[in-house]
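All residue numbers in this chain count up from 1 along the given sequence. Just so you know, ligand 1 is whichever comes first in the structure, and atom 1 is the first atom listed for that ligand.
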Amino acid sequence: MDNKQKSIDVYSIIKPEIEKLINCGSTTPILDSRILLAHTLSYARSVYTHENINISKNQINKFQNLISERAKGKPVSRIINKKNFWKKEFQINKETLDPRPDSEVIIEYFFKYYEDKFKELKILDLGSGSGCLGLSLLDEYQNSKVSFLDVSKKSLKAVKLNSLKFKMYERTKLISLDWSSPDWDRDLLDFEKNIKFDAIVTNPPYIPSAEIELLQKEVKYYDPLIALDGGKDGLDAYRLIFSKLFKLLKPNGKIFVEIGKNQEKFISTIGLNNGLLTIDYGRDLQGIIRLIVFTIK
Ligand SMILES: C[S@@+](CC[C@H](N)C(=O)[O-])C[C@H]1O[C@@H](n2cnc3c(N)ncnc32)[C@H](O)[C@@H]1O
């Protein structure tokens, strides 16, 4: 075992590893290597390609092992258990979806409808995963509160960890419920002492079951199935949750719903059949409609 550190430039450590990642199909080999090297060294900052760092032989071995995991297809976020979303770095785990930049459109559109950042909003994050949506809103709306609901207890643990890290725990509620159970809305309102929500944000699972096999290996092998699988046509979760949402929302409240590519017509119709009116659509960074804003009809 060699723990003695030597000063070496980053480029000479990462160069041979970059080639391994290119051969394995990574499209961001330099960035991946730099993040994994910073993680190995427990740096809170990133490393620069041409700086000198102090590193031991053991640490180089550890870094090379992380590169081998990445070369087998494991996403960097799953190796370091962290992912940036909006303005924060979120802790993730095996049961949380890896937060996606596409979902940031929910936060952008929330601003459009709630311009006053000092407002005291009561928000529901339905299917909260890591808590990236609700905690980003808490960061922006300092007087607001968010209830996080998920069927996965491990996801709720990640929300708790993240809310503690961001000093937002006092403004959160963690609620373990399954929206496929018949009276989850009543159980939720019992928990909330019958006070309804000003706004609801949700990113339900929406991939049709048969398409999961066709997803990139980073997604199909590492994101939890329960966060992806939307049933035969991808719309099962929308049917289940929309049948209850109007009971949970205050009059004039808004619902911000993430959707999959080309699902907008179907999901607007499910909304309409359940007393919800589409008032806006939002596009992601690639120009795909990724968000529907609803209100009560
Ligand atoms: C697509 S992920 C979204 C996670 C997070 N909101 C985000 O945007 O990264 C869907 C979430 O819904 C949760 N979920 C799936 N089925 C559920 C159910 N029947 N009841 C409650 N939550 C469920 C999953 O555990 C997962 O966290």
*For atom 19 (N) of ligand 1, which of Asp223, Asp178, Leu228 has the closest heavy atom?*
Asp178

*If we only count N/O pairs under 3.5 Å, is Trp179 in contact with ligand 1?*
yes

*Proximity winner for atom 26 (C) of ligand 1, if only heavy atoms of Asp125, Ile106, Leu97, Asp150 are counted*: Asp150

_Cation-pi geometry met for Lys83 and Phe90 (6.0 Å, 45°)_ = no

*In terms of atom number and element, which parts of ligand 1 are under 4.0 angstrom from non-hydrogen atoms of Cys132?*
7 (C), 8 (O), 9 (O)

*Are Tyr109 and Ile123 connected in the hydrophobic side-chain network, where two residues link if heavy atoms are under 4.5 Å apart?*
yes

_Donor-acceptor side-chain pairing of Ser77 and Asp98 below 3.5 angstrom_ = yes

*Between Val257 and Phe242, does a side-chain contact (heavy atoms from CB on, under 4.5 Å) hold up when you go through it step by step?*
CA-CA 10 Å; Val257 182; Phe242 281 17; 4.1 Å; yes

*Assess Lys72 against Tyr221: is NZ or CZ under 6.0 Å from the centre of the six-membered ring, and within 45 degrees of the ring's axis?*
no

*Selection from Gly260, Ser152, Gly127 by shortest heavy-atom distance to atom 6 (N) of ligand 1*: Gly127

*Backbone, side chain, both or neither: what part of Ser128 comes under 4.0 angstrom of ligand 1, heavy atoms only?*
backbone

*salt bridge (charged side-chain N to carboxylate O under 4.0 Å, His left out) partner of Asp223, chosen from Arg78, Lys74, Lys94*: Arg78

*Counting heavy atoms only, which of Ile226, Leu225, Leu156 comes nearest to atom 15 (C) of ligand 1?*
Ile226

_Just to confirm my output: which protein heavy-atom neighbour is closest to atom 22 (N) of ligand 1, and how far is it?_
Val151 N, 3.3 Å

_Starting from atom 8 (O) of ligand 1, what is the nearest protein heavy atom, named by residue and atom, and what distance separates them?_
Asn203 ND2, 2.9 Å

*asked:* For Ser268 and Thr278, which I'm curious about, is there any donor-acceptor pair between the side chains at under 3.5 Å?
replied: yes

_Under 4.0 Å, counting heavy atoms only: does Leu177 come that close to any atom of ligand 1?_
yes

